[in-house]
Amino acid sequence: MELPLLVALREDGSVEPAVNPALQNQDLLVLFRKMLLLRALDEKAIKLQRSGRIGFYVPCTGQEAMEIGSGFALQEGDWIFPSYRDHGVALLRGYPLASLVGQLFGNASDAMKGRQMPNHWCDRSINLVSVSSPVATQLPQAVGAAYAAKLRGEKVAAIAYFGDGGSSTGAFHVAMNFAGVYRTPTVFFCSNNQYAISLPVSRQTASDSIARKADAYGFEGVRVDGNDVLAVTKVTRDALARAREGGGPTLIEAVTYRMGPHSTSDDPTRYRSEEEIAGWAKRDPVRRFTEYLRKAGVVDGVEAAKWAEEAREEVLRAVKECEGAPPVPPESLVEDVYAEMPWHLIEQRKWLPHAEE
Ligand SMILES: Cc1ncc(C[n+]2csc(CCOP(=O)(O)OP(=O)(O)O)c2C)c(N)n1
């Protein structure tokens with residue numbers, strides 16, 4: 001039997017009680033405003049790339065609910081192993097917008113000193129581990145971190161984000177198996193956005209769902225409406241709580257849709273129809289949540305528009321702050337590797353342009 005798709009936000013504006021995270025209004029507004037910020041960041045970053053001001057960007061329009069809902073469910077101390085599309089999780093956990101934007105410019109405003117690919121940020125202070133470029137390699141890392149936490153008796157969980165394409169890798173199966181056998185406090189969060197670049201999910205698996213795969217590894221798999229921020233919050237929160245309490249891992253499949261291109265280097269018109277995109281546009285997670293909040297009397301139309309504008313202004317401020325920064329000094333290339341710089345790096349630093357010595 002197919003696993004049910006858990007939905008909280010019903011079409012008539014009510015909330016399914018079994019999937020309701022029962023949030024206070026102030027928390028609903030946190031979710032809402034972060035979703036708006038994420039949408040505004042995408043809009044601006046695509047424009048920056050198209051006008052040649054940044055080199056590359058990975059958008060997440062259409063996936064705001066799964067980003068913000070799952071990020072909201074995390075607690076301080078939990079370990080986050082993100083994928084390149086998870087800016088929302090980072091923002092929700094307190095990674096500053098200006099740091100995300102600075103990393104796209106790769107200049108002196110970038111904490112990664114321009115050494116990483118764009119969209120590959122991290123922050124040790126919030127247990128936000130560096131994005132891994134090779135698909136799904138973050139999964140065994142997350143299981144290792146979770147296992148270490150378990151051995152130390154720490155009540156924290158590790159969450160690993162990946163796409164439907166990631167579920168076809170060896171790393172996925174290795175990680176799921178180890179997590180099942182050792183009952184590690186890991187949440188596997190799959191954003192099933194229907195495509196791995198141009199490859200549709202129908203070519204990715206013969207199973208009736210990705211969540212189903214958890215059966216084979218001896219733990220629970222859950223399918224949730226990934227465009228429903230309340231349902232995502234609820235299932236992720238439950239899975240993380242179970243993990244922290246020693247209940248073992250969970251595989252969450254958030255069913256969603258990538259509305260934009262895979263990255264700014266992709267042309268999705270080559271592999272998707274207008275009709276398909278229009279069908280998913282009706283389930284836009286930002287609009288859906290806005291409508292719910294309006295019906296519930298939590299925001300009115302004027303406030304919603306005002307906050308959307310404020311989100312755009314916040315992004316513009318971050319861009320202004322970062323874009324004017326100077327390039328990273330070339331000599332920084334040899335820094336941060338050794339506590340004391342060895343002689344050969346001192347020599348090599350002299351050959352770099354603009355080096356001080
Ligand atoms: C091991 C590996 N193979 C191929 C690639 C090139 N690549 C980058 S993203 C991607 C698609 C991943 O799709 P999915 O896991 O569904 O995540 P999504 O991008 O849809 O969020 C591929 C094939 C890679 N980075 N690593």
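Just so you know, ligand 1 is whichever comes first in the structure, and atom 1 is the first atom listed for that ligand.
Among Asp86, Leu104, Leu100, the single residue meeting the side-chain contact (heavy atoms from CB on, under 4.5 Å) criterion with Asn119 is Leu104. Put simply, the residue from Thr205, Val255, Asn193 that forms a side-chain contact (heavy atoms from CB on, under 4.5 Å) with Asp164 is Asn193.
Each of the atoms 26 (N) of ligand 1 lies under 4.0 Å from some heavy atom of Pro134. In summary, the atoms of ligand 1 found under 4.0 Å from a heavy atom of Gly165, numbered by their order in the structure, are 14 (P), 15 (O), 16 (O). Proximity to Tyr195 (heavy-atom distance under 4.0 Å) selects the following atoms of ligand 1: 16 (O), 20 (O). Ligand-side atoms of ligand 1 in range of Gly166: 15 (O), range being under 4.0 angstrom from any heavy atom.
Residue contacts with ligand 1: Ser83 is excluded, as none of its non-hydrogen atoms falls under 4.0 Å. Residue contact check for ligand 1: Arg258 places no non-hydrogen atom closer than 4.0 Å to it.
Atom 25 (N) of ligand 1 has its closest protein heavy atom at Ser133 O, 3.0 Å. Considering only non-hydrogen protein atoms, atom 12 (C) of ligand 1 sits nearest to Tyr84 OH, 3.4 Å.
Residue-level proximity to ligand 1 for Ser191 is absent, since no heavy atom of it falls below 4.0 angstrom. For Gln204, no heavy-atom contact with ligand 1 is shorter than 4.0 Å. No part of Phe162 comes within 4.0 Å of ligand 1, judged by heavy-atom distances.
Geometric assessment of Arg272 against the ring of Tyr195 yields a positive cation-pi assignment under the 6.0 Å and 45° thresholds.
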Could you please spell out the steps behind the salt bridge (charged side-chain N to carboxylate O under 4.0 Å, His left out) verdict for Lys47 and Asp42? CA-CA 9 Å; Lys47 284 185 192 152; Asp42 255 28; over 6 Å; no
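Under the 4.0 angstrom criterion, atom 6 (C) of ligand 1 counts as lacking any protein heavy-atom contact. At least one protein heavy atom sits closer than 4.0 Å to atom 21 (O) of ligand 1.
Nearest heavy-atom pair across Leu139 and Ala160 is CD1-CB, 4.0 Å. The two atoms that bring Pro249 and Gly180 nearest to each other are CG-N, 4.2 Å, heavy atoms only.
Heavy atoms of other residues, nucleotides or ligands lying less than 6.0 angstrom from CH2 of Trp121 number more than 12. Around atom CZ of Arg33, more than 12 heavy atoms belonging to other residues, nucleotides or ligands sit under 6.0 Å away. Remark: Glu274 CD is loosely packed, at most 12 non-hydrogen atoms of other residues, nucleotides or ligands lying under 6.0 Å away.
Backbone and side-chain nitrogen or oxygen atoms of Asn193 are examined, and one is located within less than 3.5 angstrom of a nitrogen or oxygen of ligand 1.
For His120 and Phe56, the ring centers are positioned 6.0 Å apart or more.
In this comparison of Ile197, Val58, Val135, Val201, the heavy atom closest to atom 24 (C) of ligand 1 sits on Val135.
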